[in-house]
Structure formats: structure tokens, C-alpha cells
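These values consider heavy atoms only, across backbone and side chains, with no hydrogens, waters or symmetry-generated copies.
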Amino acid sequence: MKTVESIDAYIAGFPQKIQELLKQMRKTIQQAAPEATEAIKYGIPTFVLHGNLVHFAANKNHIGFYPAPSGITHFEKELEGYPTSKGAIQFPYDKKMPLDLVKKITAFRAKENKAMKSIKK
């Protein structure tokens, strides 16, 4: 995929069906962490709040959600049924995206990043 400079440009590079899913992810993350800013990092959409908050990306068969390892281990039970790795969750295109869970994980990560910032002070 070619280099993009905004989340809008990233989303526009996909077929309409995938664009809708990416827009849902973006909106859900924005609602969970309204103070976060948007960026493109590692070539994918990223939300930043006192450091990287979460990333998301379209893949061949799924939307990837990257909330850092803590965002996965903390919600391990709720993520049963979704392929996960140390720092990634796969939401297959043929399943309904669990937007409420995305919101909870993002809010958890925002709280975690804010706490880490206050510790560093």
C-alpha cells in the first residue's frame, strides 16, 4: 500500500465495504478517547494520547486492532473467539465488529496512558 499522510487518505484507499468498517473503528475510538489525536504511524491509523494509544488497519481478511499487550491481556476473556497475539486482535470481516469492546479497550488504554504520564512527572 502506498504511503498516506492522514487517516482519511488511508480509509479512502479501500473498497467501500472496508471503508465503512474503518470509519466505524475510527468513530468508536474517537468516542472512547476524545482527547486523543490522530496520526499515521507505521503506515496505519494511530491514536495518540501521551504516547501511542491504539492503532487499527485493514488486512486481507480482517480489521486489525493494536491496543498494546496490556489492552489484550486485560480483556482476555472478552476476546475469546477472536484471534489475538501479543499486541494484536483480529476482527474478521465475516463477523460483526465488537465496537463496544473496542470502546472499552480504548478507554482502558487511555486511562493507562494518563496514569503512566503522571508517574513520569
Side-chain angles (χ1 to χ4, degrees):
M1 179 154 197
K2 62 185 177 220
T3 304
V4 295
E5 295 190 19
S6 71
I7 294 179
D8 287 329
Y10 179 87
I11 291 172
F14 291 93
Q16 189 63 38
K17 181 180 176 187
I18 304 304
Q19 285 184 32
E20 291 306 315
L21 295 173
L22 292 169
K23 288 176 184 177
Q24 289 174 12
M25 284 291 288
R26 182 186 198 181
K27 182 178 179 183
T28 300
I29 294 165
Q30 288 171 328
Q31 289 171 344
E35 64 276 25
T37 58
E38 295 183 345
I40 296 290
K41 293 191 178 188
Y42 313 106
I44 60 173
T46 302
F47 280 80
V48 178
L49 180 66
H50 310 300
N52 289 340
L53 183 64
V54 296
H55 313 269
F56 66 98
N59 294 281
K60 184 176 180 182
N61 297 309
H62 65 274
I63 296 288
F65 183 52
Y66 311 97
S70 61
I72 295 169
T73 56
H74 190 79
F75 292 92
E76 193 172 357
K77 291 229 182 283
E78 292 174 79
L79 288 167
E80 286 179 5
Y82 295 100
T84 61
S85 64
K86 182 180 176 183
I89 306 163
Q90 295 179 8
F91 298 127
Y93 291 137
D94 62 356
K95 281 188 171 181
K96 185 176 186 304
M97 197 151 16
L99 296 175
D100 287 341
L101 182 55
V102 169
K103 188 180 282 188
K104 285 169 54 175
I105 293 170
T106 302
F108 168 81
R109 288 283 301 122
K111 185 177 179 182
E112 187 174 60
N113 276 16
K114 287 176 188 175
M116 289 302 289
K117 180 183 184 259
S118 66
I119 289 170
K120 289 179 182 177
K121 282 186 172 183

Counting heavy atoms not belonging to [X], are there more than 12 under 6.0 Å from its [atom1]?
{"X": "K27", "atom1": "NZ", "result": "no"}
{"X": "K23", "atom1": "NZ", "result": "yes"}
{"X": "N59", "atom1": "CG", "result": "yes"}

Going by heavy atoms in the side chains, are [X] and [Y] under 4.5 Å from each other?
{"X": "S70", "Y": "E112", "result": "yes"}
{"X": "R109", "Y": "F47", "result": "no"}
{"X": "V102", "Y": "F91", "result": "yes"}

Would L79 and F65 count as a side-chain contact (heavy atoms from CB on, under 4.5 Å) if you check the C-alpha gap in whole Å, the side-chain angles of each, and the deciding distance to 0.1 Å? CA-CA 12 Å; L79 288 167; F65 183 52; over 6 Å; no
Looking only at heavy atoms, what is the nearest atom pair of [X] and [Y], with distance?
{"X": "N113", "Y": "G51", "answer": "ND2-O, 3.7 Å"}
{"X": "T106", "Y": "A33", "answer": "CG2-CB, 4.0 Å"}
{"X": "Q19", "Y": "I11", "answer": "CG-O, 3.0 Å"}
{"X": "I40", "Y": "V4", "answer": "CG2-O, 3.8 Å"}
{"X": "I18", "Y": "A58", "answer": "CG2-CB, 3.7 Å"}

Polar side-chain atom of [X] near backbone of [Y] as donor-acceptor pair, under 3.5 Å:
{"X": "Y66", "Y": "F56", "value": "no"}
{"X": "N61", "Y": "Y93", "value": "no"}
{"X": "K95", "Y": "G81", "value": "yes"}
{"X": "Y10", "Y": "A57", "value": "no"}
{"X": "T46", "Y": "I44", "value": "yes"}

Can you tell me how far the [atom1] atom of [X] sits from the [atom2] atom of [Y], to the nearest 0.5 Å?
{"X": "K103", "Y": "Q31", "atom1": "NZ", "atom2": "CD", "answer": "4.0 Å"}
{"X": "M25", "Y": "I63", "atom1": "CE", "atom2": "CD1", "answer": "7.0 Å"}
{"X": "L21", "Y": "L99", "atom1": "CG", "atom2": "CG", "answer": "8.5 Å"}
{"X": "I29", "Y": "L49", "atom1": "CD1", "atom2": "CG", "answer": "12.5 Å"}
{"X": "K104", "Y": "E78", "atom1": "NZ", "atom2": "CD", "answer": "3.5 Å"}

I'd like to know whether Q24 forms a side-chain hydrogen bond (donor to acceptor under 3.5 Å, both in side chains) with E20, so could you lay out the CA-CA distance, the side-chain angles of the two residues, the decisive distance to 0.1 Å, and finally the verdict. CA-CA 6 Å; Q24 289 174 12; E20 291 306 315; 5.6 Å; no
Are M97 and I72 linked, directly or through other ILVMFWY residues, by side chains that come within less than 4.5 angstrom of each other? yes
What class does the angle between the rings of F75 and F108 fall in, given that below 30° is parallel, 30 to 60° is tilted and above 60° is perpendicular? perpendicular
